[in-house]
Amino acid sequence: MERLSVKTKIGYASAGAGDAAVYTLTGTFLIFFLTTVAGIEPAIAGTITALGAVFNAVFNPIIGYVTDHAMTRWGKRRPFMFIMAFPLLVSTFLLFTALDIVPFIKPIYYGAILIVFWLSYTGYFVPYLALGAEYTSDYDERTSLRSFASFGNMAGTVLAMVVPPLLVEFLENTGLTTKVAWSITGLVVGTLASISIWITVAVSKDKDVVKEEELGKKININLKEIFGEYLELLKLRPMRALLSVSLLFLISYIMFVSDLVYFVTYNFGMDPGHVSIAMMVRSLSGIVVIPLINMIALKTDKRTCYFLCMTFVTIAVLAFRIFGIPSLLMVYVFIMITVTATGTYWQIVPAMYYDICEYDLKVNGKMRQGSIVSFQGLTEAIASALGAQILGIILQLAGFNGDLATQPSQALLWIENSITIIPAIFMVLSMIAMCRYNITKKSFNELKEELKDL
């Protein structure tokens, strides 16, 4: 069994903090910021996030293909991570900067910045995720590596969920405007995220090595060939299944985290300090469940672990909706339970994409880690678009008004539905899709034995 040192896993996990920080910040606070600070209507805010993410979806296969074929003396993956971290920092800052511009220009401005953000995020995230497949080909070690990455993810989540409300409130108390406070918050989170990425770049040199005879090999960016590879990969049954799983769950996730700020702010009247506490509870709960998820996955396999954890969360969420959330304490309990689903997805599913690499090698005779894991980025982009658009439309139709401190009862009802019933439906659909994923621990180990004979 291939064993990676703890130090090696921690080094890889560092960039996971940057991934979660910027992804969670935009997923949790962007629509809230656009509707309550930048002065954009919910449906339009949802459309902005949707269009930016859809544009990014086209970029995913290109970056995946390029990182598979880039042959530089610095490696195939690390140069992209290093370069893209800077525009990721800048675009995160600009996304949360409210400008006093003509109203009809605002959607165009934020749409353009969001496109830059997603291009930067994908340009870093796809090679980062692909780099993990280079670390090990062992089924259980990949699960363990993703567990460490999940700790990094949770550190980034703490930064992106807990810090913004507290920092905004602190800066406001010093006399700064809300707009300036949010701008500084975006800069702080973006900077810390980029630093975490550069740390992984620095410590992973020996994991991203290009053979000397391949150095300087020219990349032929042929869009027909790139999307032809995508279609070839889509013919793989586990790829189609996992793509559906990712898309359906991430829609649920985006709706939940985006709606959570609305839910605790308007349905329970939390001030920024208490919102930060709620986010802290969520983040710390995520750290607690990581070892449990890892244990279940090692005792069974990744697919079984996904079914068990998602079933538990779905039942709990529906129970909370049926019986209600009567107190602030139960809000915290609700948040603690739901984080199990988030932890399970980010810990298990990326490692399942890694396993498809060997499956592809057996079926097609090719190793295409970048192209394969870019499907994860693709689903993130599309799910972000759909989840944000669905939530924006729901809030708009329910009568939400960002200028009101107290929302109409219809708006409060649908804020609650958007954090319970609707995400639960998408979680159930993701489990149905997982039934078609046919790589188990047993079949993967058999596959590796077959590959040894080739």
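Throughout, numbering of the chain's residues begins at 1 and tracks the sequence.
In this pair, F151 and F148 present their aromatic rings perpendicular. The plane angle is above 60°, beyond the 30 to 60° band. Taking the six-membered ring for Trp and thresholds of 30 and 60 degrees, Y121 and F125 have nearly parallel ring planes, at less than 30 degrees apart.
Within 6.0 Å of CE in M336 there are 12 or fewer heavy atoms belonging to other residues, nucleotides or ligands.
With respect to the salt-bridge test (charged N to carboxylate O, under 4.0 angstrom), the residues E41 and K106 do not qualify.
A distance-only check finds no donor-acceptor pair linking the side chain of D301 to the backbone of T440 [under 3.5 Å].
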* To do: Please lay out, stage by stage, how S194 and Y124 fare under the test side-chain hydrogen bond (donor to acceptor under 3.5 Å, both in side chains).
  => CA-CA 10 Å; S194 295; Y124 136 73; over 6 Å; no

* **Steps toward side-chain hydrogen bond (donor to acceptor under 3.5 Å, both in side chains) verdict (S204, R77)** => CA-CA 10 Å; S204 61; R77 321 291 182 187; over 6 Å; no

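Between atom CG of residue L114 and atom CG of residue L30 there is a gap of 6.5 Å, rounded to the nearest 0.5 Å. Atoms CD1 and CD1, from I31 and I44 in turn, are 12.5 Å apart once rounded to the nearest 0.5 Å. For the atom pair OG1 (T338) and CZ (F312), the distance works out to 10.0 Å, reported to the nearest 0.5 Å. To the nearest 0.5 Å, atom CG of residue L187 and atom CG of residue L89 are 6.5 Å apart. Atom CD1 of I290 sits about 9.5 Å away from atom CG of N294, to the nearest 0.5 Å.
Under the side chain to side chain contact (heavy atoms under 4.5 Å, CB included) criterion, P238 pairs with L236, I356, Y359, Y437, N438, I439, not counting sequence neighbours. Taking Y139 as the reference, F444 meet the ring pair (Phe, Tyr, Trp, His ring centres under 6.0 Å) condition, with sequence neighbours excluded. With sequence neighbours left out, Y266 forms a ring pair (Phe, Tyr, Trp, His ring centres under 6.0 Å) with F400. With sequence neighbours excluded, no residue satisfies ring pair (Phe, Tyr, Trp, His ring centres under 6.0 Å) with W414. When the ring pair (Phe, Tyr, Trp, His ring centres under 6.0 Å) test is applied to F268, the partners found at least two apart in sequence or on another chain are F263.
When only modelled atom types and interatomic distance are considered, N267 and Y262 share no side-chain donor-acceptor pair under 3.5 Å.
Applying the side-chain hydrogen bond (donor to acceptor under 3.5 Å, both in side chains) test to pairs two or more places apart or on separate chains, those with a residue in residues 343-355 are Y12-Y354, R142-D355, S147-Q347, S246-Y345, S246-Y353, K302-D355, Y345-Q376.
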